[in-house]
Amino acid sequence: MCGNVPAGHLSAVGVCSLEDVLFPEIDVRLERVDFTADVLVVVAVACGPAPRCPGCRARARRIYSSYERGLAERPLTGKRMRVRLRVRWFFCDRASCRRLTFVEKVSGLSERYRRSSLGLKKWLHAVAVELGGRPGERLCRKMHLAAGRSRLLELLESPPVPERAPRVLGVDEFAFRKGCTYGTVLVDVEAGQVVDVLPDRTSETFADWLRDHSGVEVICRDRSSAYARAVKEAAPHALEVADRWHLLQNLAAAVEKTCHQHRACLRKHDDEKTGSTPAAPPLMELPLHELPRTQIIERTRHRHADVQRLVAAGWTISAIARRPTPEPRPARPCGVSATPTSSSSWPPPTNAARPECWSRSSRTSTPDSLRARARSAAAASS
C-alpha cells in the first residue's frame, strides 16, 4: 500500500494538527506526506526568520539558493520516517567575514553535518547510555532505528566535571582490561552519580585530583594503600571510611579464616553436644539393571551355559576351545522342506555330510540370489 497527500489536500486531513504532532514549535511548513508499506516520507520547508551568520553573527538579508536534505526521524506507527527538509542558503554581506554563504539551521530539528533529527539523536543517546553498543544495536533493530554500535558509542560524551568535589566522595578501582589496565572511578555517594574517571589507580593521580577539587569531607574507599597515601597527602582533614561492600567482604574473610583455624575445637564441641556420632544413613537397595533380550545376548548366554556344562562333564579348556562352535543356520535352498525332520540334530552336520546343494549354495550364492530363488520357488509352488 502506498500513496501521498498533496499540499492542496492537506486541509482535509488537518494540517495544523499534523504539524503540531510532527514538528511541535519548529519553524517549518508541511508540504506533503508520502507513505509506503515500510517508510513514511514527510516533505517540509523551513520558514523561520533569517538566521545569523555563524562566523560574524550578522543577520542575513539575501538568499543565495536552497537545497533539500534528508533527515532520519523517529518511527511513527511502526514505520520508519524520513524528513525531506528544504532549507535556504544565505549570503553574508559583511565584508570582514570570511564566510561568503551559509545554510540555515532549523532550531529543534536539525544541526550541521548530521543526517538525523535532534529527537532521534536523543533517543539513540538514551539507548547508548542504558545498554551500550551491541545490545543497543539489537534494540534499535527492533524499534526500526538505523543505528549501529559505532554510531551509538559516538553519541556518548563525558559528563562535565564539577569544579568542587562532592562532600562524600566514593573511590574505587575498575578494569579497562582485566589483568592489564586499571583506572579509578570517583562517585558522589549522596547523589549516586559518577563525578570523574581517572586513567590509572596510582596515588599521584588521585592526589592531584584532590588538590584541584577541594571541598571533600568524607572519602569512602577500599583498603588500597595507594588511595590511603593520596588522601593523607592531598586531603588530610577528610574522614576516611570503609565502604559497605569491602567491609562485608573483609568480615566474611575473617570469619572464614577463624573457623578454619579452630575447626578441631568446633568439631570436638559439636561431638560433645550431640553425645555420639550420628549413625550412617541406611543403604538403598537399587534394582539390578537388566539388559534387553536380544539375539546376541541370548546366543552369548547359551554359549556360556554350554561351556559350563562341558566343564562340569570333565572337558578341559583347551578341548572346549578346539571344539567347533555351532554355525548359523544356512539359508534353505530350493527343494528342501522348512519343517525339521526327526533325524535333525544339533550341531548341524559338517560340510562333508551336508547335501551337495547346501555346500554349493553357501559358497557361490549371495543373499540377493538366495532371496530371488526363494521367491521363484514360492511362485512355482503356487
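- Among residues two or more places apart in sequence or in another chain, the side chain to side chain contact (heavy atoms under 4.5 Å, CB included) test is passed with Glu256 by none.
- Judged by distance alone, the side chain of Thr258 and the main-chain N or O of Ala254 form a donor-acceptor pair under 3.5 Å.
- Using a 4.5 Å heavy-atom cutoff, the side chains of Lys105 and Pro51 are not in contact.
- By the 4.0 Å N-to-carboxylate-O rule, Arg114 lies close enough to Glu111 to be salt-bridged with it.
- Within a 6.0 Å sphere centred on CD of Gln295, other residues, nucleotides and ligands contribute 12 heavy atoms or fewer.
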Can you give each donor-acceptor pair under 3.5 Å made by side-chain atoms of residues 220-232, sequence neighbours left out, with the distance rounded to 0.1 Å?
{"unit_1": "Arg221", "atom_1": "NE", "unit_2": "Glu240", "atom_2": "OE1", "d": "2.6"}
{"unit_1": "Arg221", "atom_1": "NH2", "unit_2": "Glu240", "atom_2": "OE1", "d": "2.9"}
{"unit_1": "Asp222", "atom_1": "OD1", "unit_2": "Ser224", "atom_2": "N", "d": "3.2"}
{"unit_1": "Ser224", "atom_1": "OG", "unit_2": "Ala226", "atom_2": "N", "d": "3.4"}
{"unit_1": "Tyr227", "atom_1": "OH", "unit_2": "Thr184", "atom_2": "OG1", "d": "2.9"}

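- Counting only heavy atoms from C-beta outward, the side chains of Leu198 and Val185 never approach each other to under 4.5 Å.
- In terms of the salt bridge (charged side-chain N to carboxylate O under 4.0 Å, His left out) criterion, Arg112 has no residue partners (sequence neighbours excluded).
- Remark: Pro199 pairs with Thr205 by the side chain to side chain contact (heavy atoms under 4.5 Å, CB included) rule, at least two apart or across chains.
- Taking both residues in full, the closest heavy atoms of Glu163 and His213 are given as O-CD2, 3.4 Å, listed atom of the first, atom of the second, then distance.
- More than 12 heavy atoms of other residues, nucleotides or ligands lie within 6.0 Å of CZ in Arg59, so this atom counts as buried by the packing criterion.
- Looking at Ser96 and Cys56, their side chains never come closer than 4.5 Å, going by heavy atoms from C-beta outward.
- Electrostatic pairing of Asp208 and Arg211 counts as a salt bridge here, judged by a charged N lying under 4.0 Å from a carboxylate O.
- Leu186 places a side-chain heavy atom less than 4.5 Å from the side chain of Val171.
- Partners of Val103 according to the side chain to side chain contact (heavy atoms under 4.5 Å, CB included) rule, which considers only residues two or more places apart in sequence or in another chain, are Tyr67, Val87, Trp89.
- Linking ILVMFWY residues whenever their side-chain heavy atoms come closer than 4.5 Å, directly or via other members, leaves Val33 and Val43 in distinct clusters.
- The local environment of NE2 in His304 is sparse, with at most 12 non-hydrogen atoms from other residues, nucleotides or ligands closer than 6.0 Å.
- To the nearest 0.5 Å, atom CG of residue Asp93 and atom SG of residue Cys53 are 10.0 Å apart.
- Ring geometry for Phe102 against Phe90 counts as parallel: the plane angle stays under 30°, on a 0 to 90° scale with 60° as the upper cut.
- For Tyr64, the OH atom counts as loosely surrounded, since its 6.0 Å shell holds 12 or fewer non-hydrogen atoms of other residues, nucleotides or ligands.
- To the nearest 0.5 angstrom, Glu73 atom CD is 6.5 Å from Leu109 atom CG.
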* Run the side chain to side chain contact (heavy atoms under 4.5 Å, CB included) check on Leu124 and Cys140 step by step: do they pass? -> CA-CA 8 Å; Leu124 298 179; Cys140 290; 3.8 Å; yes

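- Nearest heavy atoms, Pro49 versus Asp27: CD-OD2, 3.9 Å.
- Within 6.0 Å of atom CZ in Arg80, 12 or fewer heavy atoms from other residues, nucleotides or ligands are found, so the atom counts as exposed in its surroundings.
- A heavy-atom distance below 4.5 Å is not found between the side chains of Leu71 and Arg82.
- Checking Asp38 against Thr36 by side-chain atom types alone, no donor-acceptor pair falls below 3.5 Å.
- To the nearest 0.5 angstrom, Arg244 atom CZ is 13.0 Å from His246 atom NE2.
- Under the 4.5 Å side-chain criterion, counting only non-hydrogen atoms from C-beta, Ile296 is in contact with Thr300.
- Linking ILVMFWY side-chain heavy atoms closer than 4.5 Å, directly or via other members, places Leu30 and Val28 in a single hydrophobic cluster.
- Ile26 and Leu76 fall within the same hydrophobic cluster, defined by Ile, Leu, Val, Met, Phe, Trp and Tyr side-chain heavy atoms under 4.5 Å apart, directly or through other members.
- Side-chain atoms of Phe176 and Asp200, non-hydrogen and from C-beta on, never get closer than 4.5 Å to each other.
- One distance of note links CZ of Phe206 with CG of Asp196; it measures 11.0 Å at 0.5 Å rounding.
- Distance check: Glu298 CD to Arg303 CZ gives 13.0 Å after rounding to the nearest 0.5 Å.
- Under the rule for a side chain to side chain contact (heavy atoms under 4.5 Å, CB included), the partners of Arg57 that lie at least two apart in sequence or sit in another chain are Arg52.
- Using a cutoff of 4.0 Å between basic side-chain nitrogens and carboxylate oxygens, Arg134 and Glu137 are not scored as salt-bridged.
- Applying the 6.0 Å contact sphere to CZ of Arg99 captures more than 12 heavy atoms from other residues, nucleotides or ligands.
- Remark: Arg151 CZ is packed, more than 12 non-hydrogen atoms of other residues, nucleotides or ligands lying under 6.0 Å away.
- Under the 4.5 Å side-chain heavy-atom criterion for grouping Ile, Leu, Val, Met, Phe, Trp and Tyr, Leu152 is connected to Leu131 within one hydrophobic cluster.
- Rounded to the nearest 0.5 Å, atoms CD (Glu217) and CZ (Arg167) are 5.5 Å apart.
- Linking ILVMFWY residues whenever their side-chain heavy atoms come closer than 4.5 Å, directly or via other members, places Leu120 and Met143 in the same cluster.
- In this structure, Phe174 and Val197 have side chains that are in contact, with non-hydrogen atoms separated by less than 4.5 Å.
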